[in-house]
Amino acid sequence: MVETRAFPDGESLVRVEGPFRHAVVYRSLNDPGLHDPNTRLVEALLAASALRDQGAERLILVAPYLSYLRQDTAFRPGEAVSQKVVGRLIAEAFDGVVSVDPHLHRTRRLADIFPGVDAVAVSAAPALASLVRQDGFDKDTILIGPDQESRSQVAAVAAILGLEWEAAEKVRRGDRAVTVRLPAATNCKGRPVILVDDVISTGTTLMECARLLREKGAARIEALAVHALYAPDREDAFRAAGIAQVRCTDSLAHPAGRAPLAGLLAEAVKLILGGSGADRAPP
Ligand code: R5P
């Protein structure tokens with residue numbers, strides 16, 4: 001168990017009681033409600049240092065949600081590429097990293113973010129598909145990804161469930177402003193639709209997709225996502241936008257986090273411990 005506390009000025013204190021030879025640090029590097037990636041990152045780095053001081057020779061970070069990956073380029077001149085900076089810090093502290101559907105777009109492989117580290121990117125598709133199957137679904141359901149970056153994810157869930165899928169086009173105009181274009185051929189009139197995305201952050205993307213799907217006559221709109229970053233009280237806004245239910249994995253401690261990742265994460269840790277963890281990417 002890693003004990004953490006905040007000093008009155010907001011600095012983090014971390015303590016571990018060893019000794020340890022091998023340790024797995026399990027912590028998503030953000031909390032629901034869109035906070036607090038900075039604190040979680042510093043705590044993880046301090047925990048690694050304390051564990052090394054307690055004798056740990058091998059340290060694996062299991063961070064189902066890894067923050068700072070979305071800033072994978074300088075979108076405007078002068079911006080820091082946070083993914084690169086944070087990647088280096090984590091790579092210096094840990095020997096292995098496991099994460100779930102990390103934001104890999106311009107950087108293709110998790111191992112490219114963490115130089116010299118055994119890195120495993122787990123796909124949440126089996127966990128999300130099992131949840132949908134367990135709850136029951138209509139065979140006429142169409143799965144829709146809100147942007148081109150969601151293609152592999154929505155395709156993976158659709159393949160498991162044997163459902164039709166499409167991916168929309170999205171242009172981000174600001175933190176809470178997006179323009180989405182559904183494929184012209186999308187035929188969702190009178191059919192149930194499940195939106196599939198990696199992260200629900202402010203929920204803007206989801207609600208804009210729901211607006212367009214309502215216009216196209218979707219019979220019922222739901223959402224499925226890997227990481228529930230949004231504040232739980234956003235659910236009312238989602239329902240008002242016509243989204244009947246939102247289901248996510250338990251990568252963060254969130255009421256929508258109903259698809260358990262434990263089995264998939266354990267397999268990934270076993271891969272690393274067995275020496276075949278490096279450089280794995282999701283399907
Ligand atoms: C973007 O690249 C991600 O896949 C999500 O679509 C995005 O992070 C969702 O953000 P928001 O909920 O704020 O629209």
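Just so you know, these numbers use all the heavy atoms, side chains as well, and skip hydrogens, waters and symmetry mates. These numbers were taken from a predicted model, which means no experiment stands behind them. Position 1 is the first residue of the sequence, and the numbers go up from there.
In this structure, Arg181 contributes its side chain and Val171 its backbone to no donor-acceptor pair below 3.5 Å. No donor-acceptor pair under 3.5 Å is formed between the side chain of Arg88 and the backbone N or O of Pro115. Between the side chain of His105 and the backbone N or O of Asp72 there is no donor-acceptor pair closer than 3.5 Å. A donor-acceptor pair under 3.5 Å links the side-chain atoms of Arg234 to the main chain of Thr202, judged by distance alone. Under a 3.5 Å cut-off, the side chain of His254 and the backbone N or O of Ala256 do form a donor-acceptor pair. A donor-acceptor pair under 3.5 Å links the side-chain atoms of Asn30 to the main chain of Asp36, judged by distance alone. Checked by atom type and distance alone, the side chain of Ser99 pairs as donor or acceptor with a backbone atom of Pro64 at under 3.5 Å.
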Could you please spell out the steps behind the side-chain contact (heavy atoms from CB on, under 4.5 Å) verdict for Leu206 and Asp197? CA-CA 9 Å; Leu206 210 59; Asp197 205 354; 5.6 Å; no
Kindly indicate, with the supporting measurements, whether the criterion side-chain contact (heavy atoms from CB on, under 4.5 Å) is fulfilled by Val199 and His103. CA-CA 9 Å; Val199 180; His103 191 87; 5.9 Å; no
With side-chain contact (heavy atoms from CB on, under 4.5 Å) as the criterion, how do Leu161 and Val132 come out once you've worked through the C-alpha distance, each side chain's angles and the decisive distance to 0.1 Å? CA-CA 8 Å; Leu161 295 172; Val132 172; 3.8 Å; yes
For Ile113 and Val86, run side-chain contact (heavy atoms from CB on, under 4.5 Å): C-alpha distance rounded to whole Å, both residues' side-chain angles, the deciding distance at 0.1 Å, then the answer. CA-CA 9 Å; Ile113 302 173; Val86 169; over 6 Å; no
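Residues Glu164 and Asn187 are not in side-chain contact: their nearest non-hydrogen atoms beyond the backbone lie 4.5 Å or more apart. Ser251 places a side-chain heavy atom less than 4.5 Å from the side chain of Leu261. Looking only at side-chain heavy atoms (C-beta outward), Ile200 and Val246 come within less than 4.5 Å of each other. In this structure the side chain of Ile90 reaches within 4.5 angstrom of the side chain of Leu29, judged on heavy atoms. Looking at heavy atoms from C-beta onward, Ser150 lies out of side-chain contact with Val196 at the 4.5 angstrom threshold. Counting only heavy atoms from C-beta outward, the side chains of Val269 and Leu265 never approach each other to under 4.5 Å. In this structure, the side chains of Leu110 and Val98 stay at 4.5 Å or more apart for every pair of heavy atoms. Here the side chains of Ser49 and Leu45 are not in contact, with every heavy-atom distance at 4.5 Å or above.
Atoms CZ and OG, from Arg133 and Ser130 in turn, are 6.5 Å apart once rounded to the nearest 0.5 Å. Considering CG of Asp147 and CD of Gln153, their distance stands at 9.5 Å, rounded to 0.5 Å. For the atom pair CG of Leu212 and NZ of Lys216, the computed distance is 9.0 Å after rounding to the nearest 0.5 Å. Between atom CG of residue Leu69 and atom OG of residue Ser67 there is a gap of 7.0 Å, rounded to the nearest 0.5 Å. Separation of atoms CD1 (Ile142) and CZ (Arg191) is listed at 4.5 Å; rounding is to 0.5 Å. Interatomic distance, Glu79 CD to Gln71 CD, rounded to the nearest 0.5 Å: 4.5 Å.
Across all non-hydrogen atoms, the minimal contact from Asp101 to Ala124 is OD2-N, 2.9 Å. Of all the heavy atoms in Gly96 and Ile272, the pair that sits closest is CA-CD1, 4.2 Å. What you find for Ala74 and Val81 is that their closest heavy atoms are N-CG2, 3.7 Å. In terms of heavy atoms, Pro146 sits closest to Thr205 at CB-CG2, 3.4 Å. The minimum heavy-atom distance linking Glu222 with Ala244 is given by the pair CG-CB, 4.4 Å. Ala168 and Pro183 make their closest contact through CA-CD, 3.9 Å (heavy atoms, listed as atom of the first residue, atom of the second, distance).
Side-chain heavy atoms closer than 4.5 Å link hydrophobic residues (I, L, V, M, F, W, Y) into clusters, and following such links, even through other members, never connects Leu252 to Val97. In the hydrophobic clustering of this structure, Leu224 groups with Phe137; members are Ile, Leu, Val, Met, Phe, Trp, Tyr whose side-chain heavy atoms approach within less than 4.5 Å, directly or through other members. Criterion: ILVMFWY side-chain heavy atoms under 4.5 Å apart, direct or through other members. Under it, Ile144 and Ile243 are part of a common hydrophobic cluster. Using a 4.5 Å cut-off between side-chain heavy atoms of Ile, Leu, Val, Met, Phe, Trp and Tyr, with links allowed through other members, Met207 and Ile194 fall into different hydrophobic clusters. If you chain together hydrophobic residues whose side chains sit under 4.5 Å apart, Val157 and Val154 fall into the same group.
Taking the centre and axis of the six-membered ring of Tyr68, the NZ or CZ atom of Arg70 falls outside the cone set by 45° and 6.0 Å.
With respect to Glu208 and Lys170, no salt bridge is recorded, no charged nitrogen being found less than 4.0 Å from a carboxylate O. Between Asp95 and Arg58 no salt bridge is recorded (no basic side-chain N to carboxylate O distance below 4.0 Å). Ionic pairing of Arg220 and Asp138 is not present here: no N-O contact between side-chain nitrogen and carboxylate oxygen is shorter than 4.0 angstrom. At a threshold of 4.0 Å, the pair Arg211-Glu215 counts as salt-bridged, since one of the basic side-chain nitrogens sits closer than that to a carboxylate oxygen.
Dense packing is recorded around CZ of Arg172, with more than 12 heavy atoms of other residues, nucleotides or ligands lying under 6.0 Å away.
Checked against a 6.0 Å centroid threshold, the rings of Phe94 and Phe114 do not count as neighbours.
Looking at Asp112, Thr73, Thr107 one by one, the single match for side chain to side chain donor-acceptor pair (under 3.5 Å) with Gln83 turns out to be Thr107.
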